[in-house]
Amino acid sequence: MIRVRFAPSPTGYLHVGGARTALFNWLYARRHGGKFVLRIEDTDEARNTEAARQAILDGLRWLGLDWDEGPEVGGDRGPYFQSQRKDIYDAYLARLEAAGCTYTEENGAVRFKFSRTAITVGDLVCGDVAFAPTEEPDMTIRRPDGSYIFHFVNVVDDAEMGITHVIRGEDHLSNTWKHIDLFNALGLQAPVYAHIPLILNPGGSKMSKRDEGSSIQSYIDAGFLPDAVFNYLCLLGWTPRAEGEKFDRATLVSLFDPADIHSANARFDMQKCTWFNAQYLRELEPAALLAAARPFLAGAGLEVTDEIMAAAAVASVREKVSRLAELPEWVHYFFGEDFAIEDEALAKLRAKPENPALLTAVAGAFRGVSEWTEAGVQAAIETSAAQAGVKPGALMPLLRFALSGQSRGPGVATIAHRVGQASTLRRIERALAEMAA
Ligand code: GLU
């Protein structure tokens, strides 16, 4: 059975590179009916924080990367925090000592005797990577204070947790010979490795904390959809063997093959990620779209009292936004009449002396509409336009302004229909007053 793991160190937040590593591991496990293990590499007490640990779990869950074993889930190869595995490390150290592969320095540090043989990493992505016998000094694996170093605990855990495939960032490739040397000294079979390319900024520099899109939390906050980010991250370093770029999860799982991962570094492209998000937003069913939008509406103080109206309001502007955080500014006037009025639009409307009379005439026609549907509203607009001798299109900016205070938005009839007849008439009254002021 295939067992893979994601082994983050909780020193910051969930980075886009880490998320993609987790994603590729998850895809591999799901593709082959294996297990995806989450192991927290928290040996560096000074740098690890509870908040960082939580951000990793939250970010993985948001992306839909469920783990089969690990924190909050359990499993029979735990504990899944390195900080709780000291006994296991002690036992493996004893095993290495018994094999004659270690020695202790005067200060108490324990060093591992490198085999100093040529070691080849048979990497699924990078191919065979040969390392000549090392000339580095032997590696400290336990510090004088009794704590263990990364390479040792990483290898012990992969062994103890029965990890069959290690899919991780390319930055670890240069040390992989040390890991294989340790596996050999322990008399254990090393896992199969797949080192995946790094994610760089569009300019080619290494992505750092401050770069746009580097933290998964920033996608959550901006209103990206998990499916869109999932899809986009897959394409950073992997080209599925299929036509197109937009794939659902099941398809991505069925197509995933580490052999198709590129060995060249990937370039992060926020525009493209945003484009993906816009595509996914357009496809959501109105109810699902409203569910996704709710936290953003609430965050802007827009209270959903009428679900049907709210779903229609949000759906009416879905083509205009590419992230959910942009929604409130497009729909806030559906949720109340107390909206701000754009100065520029007001000035434009005031400039035409015939506007108040036109607006008053439409209000009259609206009052006479007996069935307040989109078609009914539209017909009333057309009738008033004909009577006034103008094109219906000439009335639209006027009405849009009255109904929303804005000069852009969804169709006027849609807004009027959704906010209702009474509110529409009140809004026109208010606009007339503003224009006269
Ligand atoms: N804790 C290591 C890291 O975050 C994991 C390395 C590995 O996957 O083996 O880079």
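Every number for a ligand or one of its atoms is a count from 1 in the order of the listing.
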Colleague: In chain order, what residues pass the salt bridge (Lys or Arg N to Asp or Glu O under 4.0 Å) check against E337, with sequence neighbours excluded?
Modeller: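 R426.
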Colleague: Dump all N/O pairs between ligand 1 and the protein below 3.5 Å as a table: atom names plus distance, one pair per row.
Modeller:
{"residue": "ligand 1", "atom": "1 (N)", "partner": "A7", "partner atom": "O", "Å": "2.7"}
{"residue": "ligand 1", "atom": "1 (N)", "partner": "S9", "partner atom": "OG", "Å": "2.9"}
{"residue": "ligand 1", "atom": "1 (N)", "partner": "E41", "partner atom": "OE1", "Å": "2.6"}
{"residue": "ligand 1", "atom": "8 (O)", "partner": "R5", "partner atom": "NH1", "Å": "2.7"}
{"residue": "ligand 1", "atom": "8 (O)", "partner": "R5", "partner atom": "NH2", "Å": "3.4"}
{"residue": "ligand 1", "atom": "9 (O)", "partner": "R5", "partner atom": "NH2", "Å": "2.7"}
{"residue": "ligand 1", "atom": "9 (O)", "partner": "N154", "partner atom": "ND2", "Å": "3.0"}
{"residue": "ligand 1", "atom": "9 (O)", "partner": "R168", "partner atom": "NH1", "Å": "2.9"}
{"residue": "ligand 1", "atom": "10 (O)", "partner": "H172", "partner atom": "NE2", "Å": "2.7"}

Colleague: Using the salt bridge (Lys or Arg N to Asp or Glu O under 4.0 Å) criterion, which residues pair with E374? Sequence neighbours excluded.
Modeller: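 With sequence neighbours excluded, E374 shows a salt bridge (Lys or Arg N to Asp or Glu O under 4.0 Å) to no residue whatsoever.
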Colleague: With R95 as the cation and Y92 as the aromatic partner, state whether NZ or CZ is under 6.0 Å from the six-membered ring centre and within 45° of the axis.
Modeller: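 Yes, R95 sits over the ring of Y92.
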Colleague: Examine F152 together with H179 and report whether their ring centres are nearer than 6.0 Å.
Modeller: no
Colleague: Examine R323 relative to F296 and say whether NZ or CZ is less than 6.0 Å from the centre of the six-membered ring and inside a 45° cone about the ring axis.
Modeller: no
Colleague: Does E245 have any side chain to side chain donor-acceptor pair (under 3.5 Å) partners at least two apart in sequence or in another chain, and if so, which?
Modeller: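 Here the qualifying residues are K272.
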